[in-house]
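Below is one structure, written out as structure tokens; comments come after it.
Letters A, B, ... are given to chains in the order of the sequence lines, protein chains preceding strands, and every chain is numbered from 1.
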Number of protein chains: 2
Amino acid sequence: MSEVQLKDALDALKSTGVRITPQRHAILEYMIHSTMHPTADDIYRALEKTFPNMSVATVYNNLRVFRKAGLVKELTYGDSSSRFDFVTHDHYHIICNDCGKIVDFHYPGLDEVEHLASHVTGFQVDYHRLEIYGTCQDCIGKTAKAQ
Amino acid sequence: MSEVQLKDALDALKSTGVRITPQRHAILEYMIHSTMHPTADDIYRALEKTFPNMSVATVYNNLRVFRKAGLVKELTYGDSSSRFDFVTHDHYHIICNDCGKIVDFHYPGLDEVEHLASHVTGFQVDYHRLEIYGTCQDCIGKTAKAQ
DNA sequence: ACACTATTTATAACGATTACAATGTAAGAA
DNA sequence: TTCTTACATTGTAATCGTTATAAATAGTGT
């Protein structure tokens, strides 16, 4: 399943003339297997055992390459650093205000909102972003215990 | 109209024991009257004629005070710096990918999405954020001319 | 093997934001 | 009023995420 995703991603990259280096392979693999939405630093730290000489810049460079290839989305939420999301199907995110965890969920597209917005503002609409904020079950449990 | 908003905001601050300094008054006033969604630096530069000695830190400090008081929302979108939005009614934003302009628009709440998300993920939902991205009429005109 | 280009690395630079210490200012008590 | 205390502002240094740069390295095609 995720093997297929990885292969597809690598093929997509190759077809646009991007070389598959060991670092790129590892970053992609990590992103696909990680269910969280890692920051650049998460990725860097996860791979520094395998690539002791890898630079943070490499992570950023390649995340940008992947973003331009449409393989990865950059999520800029409230916290200081961006999180990166391997693009699979269209989905939305629900975010825990306590621990920062991001969980995917699916919902039929909000085309109607896009149309209305376009009509009211005269914008030519490209896409939208929707996030829901709250507290995850783990953190609900934790604060319940703490009290 | 916006005078009322300003007065309400000042009253709200006073009631929580926050002092109304000239700088705070000016920042609030600027935010209420500005239809854009200024960055901290926008505010700083707009007020440096009136307050030549004001520090950037003061702007940040007070934006944080306002945010904690619920008067102001911080919008962290793709670009490097946060934008700040005086809270009036609930509304959504449509953002121009060319020039960064942010325009408000209204849409009945997306309660149904919140419920579904809560049900699927087990989160306790607090609120959500929705933004639409596209190109504003000005920028459509500009690129049309340039070609 | 050679030349050419893409990639990585290491490090410096940058920009937004925050922390800190010193100074200033307002409000209440004596 | 004057003193005291707590809160605000200022200026500057520090921090953190990210990007730019230049040198070193590795692939690719000839």
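The ring of His33(B) has its center no closer than 6.0 angstrom to the ring center of Phe86(B).
Looking at which nucleotide of DNA chain D each of Gly17(B) and Val56(B) is closest to, the 5′-most match is held by Gly17(B). Comparing Pro22(A) and Arg67(B) along DNA chain C, the residue whose closest nucleotide (by nearest heavy atom) sits nearer the 5' end is Pro22(A).
Of the candidates dA8(D), dT8(C), dT18(D), the closest approach to any side-chain atom of Ala40(A) belongs to dT18(D). Considering only the side chain of Ala57(A), dA10(C) comes nearest among dA16(C), dA10(C), dT12(D). If you check dT18(D), dT9(D), dA20(D) against the side chain of Thr58(B), the one that comes closest is dT9(D). Listed nucleotides: dT18(D), dA19(C), dT9(C). Nearest to the side chain of Met54(A): dT9(C). Listed nucleotides: dT9(C), dT7(C), dT9(D). Nearest to the side chain of Val18(A): dT7(C).
Listed pair Asn62(A) / dT8(C) meets the phosphate criterion, a side-chain N or O lying under 4.0 Å from OP1 or OP2. Between Tyr60(A) and dT18(D) there is a side-chain N or O to OP1 or OP2 distance below 4.0 Å. Side-chain nitrogen and oxygen atoms of Ser81(B) include none within less than 4.0 Å of the OP1 or OP2 phosphate oxygen of dG15(C). Within the structure, every side-chain polar atom (N or O) of Ser55(B) is placed at least 4.0 Å from both OP1 and OP2 of dT12(D). For the OP1/OP2 pair of dT8(C) and a distance below 4.0 Å, the side-chain nitrogens and oxygens of Arg24(A) include at least one atom meeting the criterion.
Across all strands, Thr39(B) comes closer than 4.0 Å to no nucleic acid atom at all (heavy-atom distances).
With hydrogens and angles ignored, the 3.5 Å screen pairs a side-chain donor or acceptor of Arg24(B) with a backbone N or O of Arg19(B).
Rounded to a whole Å, the CG atom of Asn61(B) is 9 Å from the P atom of dA19(C). Remark: C1' of dT8(C) and CD1 of Ile43(A) are 17 Å apart, rounded to the nearest angstrom. Protein atom NZ of Lys68(A) is 10 Å distant from nucleotide atom P of dT19(D), rounded to whole Å. Regarding Arg19(B), its CZ atom lies at a distance of 12 Å from the C1' atom of dT9(D), rounded to whole Å. Note: CG (Asp41(B)) to P (dC14(C)) measures 17 Å, nearest angstrom. The nearest whole Å value for the distance from the CD1 atom in Ile20(B) to the C1' atom in dA27(C) is 14 Å. Taking atom CG of residue Asn53(A) and atom P of nucleotide dA26(D), one finds them 11 Å apart after rounding to whole Å. We find that CG of Asp42(A) is positioned 16 Å from P of dC16(D), with the value rounded to whole Å.
Atom CZ of Arg83(A) and atom CG of Leu63(A) lie 13.0 Å apart (nearest 0.5 Å).
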Subject >> Trace of the side chain to side chain donor-acceptor pair (under 3.5 Å) decision for Thr58(B) with Asn61(B) >> reply: CA-CA 5 Å; Thr58(B) 302; Asn61(B) 286 341; 5.3 Å; no
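Thr121(B) approaches Ala117(B) most closely through the heavy-atom pair OG1-O, 2.7 Å.
Aromatic ring pairs are classed by plane angle as parallel below 30°, tilted from 30° to 60° and perpendicular above 60°; the pair Tyr127(B) and Tyr133(A) is parallel.
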